[in-house]
Number of protein chains: 2
Amino acid sequence: MSITDQDTTPAYKRIMSAIQQQIDFGELKPGHAVTSERELAKIHGVSLMTARHALAGLEREGMVERRRGSGTFVAPPKIHFNKLMSYTEQMAGRSLSVRTRLLSMKVIGDAPEIAAHLLLPSTYRLLRFERLRLAGNEPFALETCYLPAEEFSTLSRDRLERGSLFSVLENDYGVKLSHADEEVDATAADPRLARTFGVPHGFPLLRIREVIYSAQSRPFLYVLGLYRADRHTLHIRRFR
Amino acid sequence: MSITDQDTTPAYKRIMSAIQQQIDFGELKPGHAVTSERELAKIHGVSLMTARHALAGLEREGMVERRRGSGTFVAPPKIHFNKLMSYTEQMAGRSLSVRTRLLSMKVIGDAPEIAAHLLLPSTYRLLRFERLRLAGNEPFALETCYLPAEEFSTLSRDRLERGSLFSVLENDYGVKLSHADEEVDATAADPRLARTFGVPHGFPLLRIREVIYSAQSRPFLYVLGLYRADRHTLHIRRFR
DNA sequence: AAGTGGTCTAGACCACGGC
DNA sequence: CCGTGGTCTAGACCACTTC
């Protein structure tokens with residue numbers, strides 16, 4: 001950030017970024033005291049209220065804890081509960097070798113229920129593809145994705161097998177992901193699924209139906225996921 | 001927060017409560033404009049920053065939306081995603097007649113795994129009780145709860161069958177509930193469960209194991225829930 | 001142009017924690 | 001005791017929306 005920059009960024013956001021960097025770069029570790037309000041005000045040449053605003057923002061994001069009479073401290077690294085993450089992202093932290101195999105990919109026009117979930121006319125053309133997730137050589141998840149075909153017609157098989165769907169959507173298509181609503185229940189493996197997963201007919205599976213919304217609150221991706229219950233557990237945190 | 005505790009309550013909290021009441025009492029409905037910052041400041045005799053603080057707090061709670069240049073508006077009623085609620089509370093909004101039958105209740109001392117979840121010694125005495133949830137006359141959920149026996153020795157069968165466990169804990173024992181971590185997977189009904197639910201052996205069930213924490217981040221309640229997958233869906237919202 | 005929320009100042013007093 | 005965060009004042013200017 002140079003002096004010539006016409007810096008329109010609010011002061012409190014700049015202070016937030018500065019502290020965030022200290023944490024990211026490891027200068028401040030969990031438990032360490034963060035520069036106090038009064039010091040921040042002096043250092044950055046702002047009023048106390050502005051320095052407060054910065055710390056309050058970081059607290060809301062869960063980066064720091066504030067203790068009256070004591071100070072502001074870097075919060076312990078949080079497990080990212082209830083975060084919308086792609087499979088690739090979820091696995092990144094766990095050093096598990098997971099492969100993806102693209103089973104099918106085609107444009108369909110007869111999925112009225114799914115079109116309805118995406119707020120599209122019932123005969124709207126959708127791009128559907130199935131991906132099998134394998135740990136080692138053992139399949140443990142089958143995910144079927146549905147996207148509006150027109151918008152994402154340039155999606156290639158290659159990209160889907162290689163990287164994360166989320167990163168393709170965010171980087172190549174500029175989609176801003178906002179949130180997802182999931183419906184979770186249980187089902188039993190029918191003959192086809194039993195064959196796919198290599199489990200007995202009737203084997204319990206976790207079923208997750210998911211509508212993913214863009215930043216404009218527009219639903220644009222529907223995912224039906226089926227997971228071997230013995231190899232997959234869903235973690236949720238609920239707050240009172 | 002009541003009107004009688006004006007003495008020590010911060011002004012911004014009083015203003016928040018006042019607006020919250022307007023919403024609760026139906027004077028302000030979703031979409032309606034909330035009193036502006038400047039008006040609130042005049043009305044309550046506080047500075048602009050304090051009025052701002054109140055509206056910012058309500059925004060953080062999701063009660064209002066703020067639109068620059070336009071105003072502050074009552075937010076549409078939010079679906080309570082990812083909220084820690086008792087079964088009774090969940091059903092309250094749905095006009096479903098749900099009954100609870102207490103199947104068993106006893107103190108046990110040989111549940112080391114569950115004691116571990118509650119950060120207690122492996123032979124610690126736990127109060128265990130099973131509750132069957134019925135819609136109409138049809139059972140659709142079986143919940144087994146574990147509590148430290150000493151603290152909750154006065155819990156009566158009567159209270160458990162009558163009201164919500166949460167309300168008993170919060171009102172009678174003064175427990176402040178904070179959050180819960182859940183593990184969700186699927187399983188198949190064994191003979192006993194099949195008989196309990198009146199479903200075939202092997203029927204898919206949703207299984208939720210839940211550790212509930214008090215405000216001091218102390219785990220104090222473990223719940224194992226089994227749900228007929230065809231009568232029960234879990235809803236989750238995830239954010240990016 | 002009038003009204004709104006967003007940012008910010010330069011102070012103030014209080015309640016609390018640790019020394 | 002001193003430093004901390006929590007609350008608050010009485011203004012100010014800006015950016016934005018609506019009319």
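Atoms considered below: every heavy atom in the structure, side chains included; atoms not considered: hydrogens, waters and symmetry mates. In what follows, chains are A, B, ... by sequence order, proteins preceding strands, each numbered from 1.
Between the CG atom of B:L40 and the C1' atom of D:dC8 there is a distance of 16 Å, given to the nearest Å. In this structure, CZ of A:R66 is placed 19 Å from P of C:dA15, rounded to the nearest angstrom. B:R67 has its CZ atom 11 Å from the C1' atom of D:dT17, to the nearest Å. Rounded to a whole Å, the CG atom of B:L48 is 13 Å from the P atom of C:dT7. One interatomic measurement links the two molecules: NE2 of B:H44 to P of D:dA10, which rounds to 16 Å at whole-angstrom precision. The distance from atom CD of A:E37 to atom P of C:dT9 is 14 Å, rounded to the nearest whole Å. Between B:I15 atom CD1 and D:dC8 atom P the separation is 8 Å, expressed in whole Å. Atom-to-atom, CE of A:M49 to P of D:dT4 comes out at 18 Å; the value is rounded to the nearest Å.
Between A:S36 and D:dT4 there is a side-chain polar atom (N or O) within less than 4.0 angstrom of OP1 or OP2.
Salt-bridge check for B:E89 with A:R240: passed, with a basic side-chain N closer than 4.0 Å to an acidic carboxylate O. Using a 4.0 Å cut-off between charged nitrogen and carboxylate oxygen, A:E37 and A:R52 count as a salt-bridge pair. Remark: A:E143 engages A:R133 in a salt bridge, criterion side-chain N to carboxylate O under 4.0 Å. Ion pairing between a basic and an acidic side chain is recognised when a charged N comes within 4.0 Å of a carboxylate O; A:E182 and B:R238 show such pairing.
Residue A:T50 places its side chain closer to C:dC8 than to any other of C:dC8, C:dG5, D:dG5. Counting only heavy atoms from C-beta on, B:S70 has its side chain closest to D:dT17 among D:dT17, C:dG17, C:dT9. Candidate nucleotides C:dC8, C:dA15, D:dC8 were compared by shortest atom distance to the side chain of A:Y12, and C:dC8 ranks first. Relative to the side chain of B:P10, the nucleotides C:dG5, D:dT7, C:dA10 differ in distance, and D:dT7 lies closest. Closest contact between the side chain of B:R68 and the listed nucleotides D:dT18, C:dG6, D:dC8 involves C:dG6.
A:R38 contributes a side-chain N or O that forms a donor-acceptor pair with the base of D:dG5 under 3.5 Å.
A donor atom on one side chain and an acceptor atom on the other are not found under 3.5 Å apart for A:E151 and A:Y173.
Toward the 5′ end of DNA chain C lies the nearest nucleotide of B:E39, the other residue of the pair B:E39 and A:G45 mapping further downstream. Nearest-nucleotide mapping onto DNA chain D: of B:S47 and A:G71, the residue sitting toward the 5' end is A:G71.
Looking at heavy-atom distances under 4.0 Å, B:R52 makes contact with a base.
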